[in-house]
There are 2 protein chains.
Amino acid sequence: MTTTDETRAPRPAGRPRSAKAEKAIIEATLDLISESVSLSELSIEAVAARAGVGKTTIYRRWSSKEDLVVDALAVLKSPLPPLAGRSVREDLITCLEIMRREASDTRSRCVMNIAMNEAERHPRLVERILRATVRPRQEAMRALLQRGVETGELRADLDLPIAMAMVVGTVMWYVKTAGSGEAGADSETLTERLVDHILAGLVPR
Amino acid sequence: MTTTDETRAPRPAGRPRSAKAEKAIIEATLDLISESVSLSELSIEAVAARAGVGKTTIYRRWSSKEDLVVDALAVLKSPLPPLAGRSVREDLITCLEIMRREASDTRSRCVMNIAMNEAERHPRLVERILRATVRPRQEAMRALLQRGVETGELRADLDLPIAMAMVVGTVMWYVKTAGSGEAGADSETLTERLVDHILAGLVPR
DNA sequence: TCGTTGCGAAACTTTGCCGTATCGAAAACG
DNA sequence: CGTTTTCGATACGGCAAAGTTTCGCAACGA
C-alpha cells in the first residue's frame, strides 16, 4: 500500500483534531443535558454554541446525537466504591453517602434520569447505561445485603428485592423531597441516620 | 338588553360545542403525555390528530398548552382514600396499595413525572399539581405516622421526614425496578410484605 | 512550499409545529 | 326557512432547529 508498512500508527495527514474542542463539546453536552428534561431537547446547535465550536466539528466526530451522549456520559462514570467489608452498617453508610452525593449533583443525576425516562426512545443508550452503571451497583448492593444475611447481621427471612428498594428508594426519595432544604447543617450525620432507620427494619429482632 | 331578562341561562345561539370532541381531546392529551418524556414534546397538532379533531376545536377551548394539560390532569385526580384509622399497619397498607396501583398506571404516573421534572419550565402548573395532589397526600402520610408515634405503635424517636421517605421511596423504587416483572402472582401479598418490612424499622423495639 | 485535513462561521434546504384564517357542512335556534 | 355558531379539514406565513455544504484560515507532515 504505502511506502512504509505502518499498521499501528496510520499517521493521519493534515491538521490533527483539537483535543480542546472535543473537551469543550463534551462539557457543553453535559451542561445542556443536565439543564434539559429529555434528550430530545438537546440540540446540536446549542451544544456547538455553548462550546464555542462550529457544528461541523461536532458532526465530524459523532454521527448521531446518541453517540455524542454516550461519550459524554462516559466521562461521569465513577468507579464502584471499595467496601471495607467490616460490617453491613459501615458498608451501607459508604454506599449511601455516595448515592446521596451523586443524587445531589446535577450532572450525575442526569444519568439516572436518562436511564429511567428514555428507555422507550433510546433503548440502546439506556441499555448501555444499565450495563455499565446501574446493574453493577445493584449487584453490589445485593451482595452486600446477601452477605449480611449470611453473617447474621441481617434477618434470615429478608426479602432481598424489598430490602434493596428500601435502601435505594429511601435515599433517592429523601433527597428528592427533603432535598437540600435543611442545607448542610446536619448533613454529616444524615447518612448515618438514614442507615440506622433503614437497618432497624432489616436486622434480626 | 334582549327581550327576555335571562341572567341564569345566557342561551348561546348557534351549534353547541360537542362534548364528545372535548372528551376525545382530553383522552388524546392524556395518551400523548404518558407517551412522552416532557411536556415540550406534546404538540397540539398531535393531540388534534389523535383525537380526530381540527386544531380549531382545541384552540377555541384552551388558549395555551398548559391550560389543556391542567384540564386533562384534573380527570386523573383520585380522591384521598378514607383511612380506617384502626391501626397504622392497616392504614399503611391502604395507602401503599393505592400508591402501588397508581405508580403502575401509565396515566397516573405521568402526574408525578410532571411534578418532579417540569418544575423549572412550568412552575405554575407544577405548583397546582403540588397543591392539589402531592401535598395533601404527603400531609396525610405525615399525620398517619405522627399518630402512630402518639399511640405508641411507632418508635418515639422516629425521624418523620426519613420515615416518610422510607415509606414512599421504597414503594416507588420497588415498582420502578422490580416493576411488574413477577406479574400479579404474589402481588396480592406484595403490599403487605412491603409494609411489614418497612414497619419493622419503625416500631418500638 | 505544498498537500492534506481540521477549524469556526455562515448560508442553505428541509422538517415540524405554531397560531390564524378560510372553507363547506352540520346542528342548534327562532 | 334564515341566523348563528361549531364542526373537521386544509392552507398559510413564521419560526426554530436539523443536517449539509461552502468558505477562508490554521496547523500539521513531507
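Chain naming here is simple, since letters A, B, ... match the order of the sequence lines and numbering starts at 1 in each.
- Side-chain polar atoms of A/E153 and A/S87 form no donor-acceptor pair below 3.5 angstrom.
- Helix bend of the helix from C/dT1-D/dA30 to C/dG30-D/dC1: the angle between its two end axes, each built from five pairs, comes to 10° after rounding to 10°.
- Candidate nucleotides D/dT4, D/dC28, D/dA18 were compared by shortest atom distance to the side chain of A/P16, and D/dC28 ranks first.
- Here the P atom of nucleotide C/dG6 and the NZ atom of A/K23 are 22 Å apart, to the nearest Å.
- Using a 4.0 Å cut-off on heavy atoms, the residues of residues 54-71 of chain B that approach DNA chain C are B/K55, B/T56, B/Y59, listed by number.
- A/K65 is linked by a side chain to side chain donor-acceptor pair (under 3.5 Å) to nothing, counting only residues two or more places apart in sequence or in another chain.
- B/E66 meets the side-chain contact (heavy atoms from CB on, under 4.5 Å) test with B/S64, B/H122, B/R124, B/L125; sequence neighbours excluded.
- Under the side-chain contact (heavy atoms from CB on, under 4.5 Å) criterion, A/T56 pairs with A/R60, sequence neighbours left out.
- Under the rule for a side chain to side chain donor-acceptor pair (under 3.5 Å), the partners of A/R137 that lie at least two apart in sequence or sit in another chain are A/S78, A/E102.
- With sequence neighbours excluded, the residues that form a side-chain contact (heavy atoms from CB on, under 4.5 Å) with B/R107 are B/E27, B/L30, B/D31, B/S34, B/L76, B/D105.
- Close to D/dC7, at under 4.0 Å from its OP1 or OP2, lies no side-chain N or O of B/R15.
- Residue pairs meeting the salt bridge (Lys or Arg N to Asp or Glu O under 4.0 Å) criterion with at least one partner in residues 87-99 of chain A, sequence neighbours excluded, are A/R86-A/E90, A/R89-A/E192, A/R89-A/D196, A/D91-A/R147, A/E97-A/R100, A/E97-A/R101.
- B/R135 meets the side-chain contact (heavy atoms from CB on, under 4.5 Å) test with B/E127, B/L130, B/Q138; sequence neighbours excluded.
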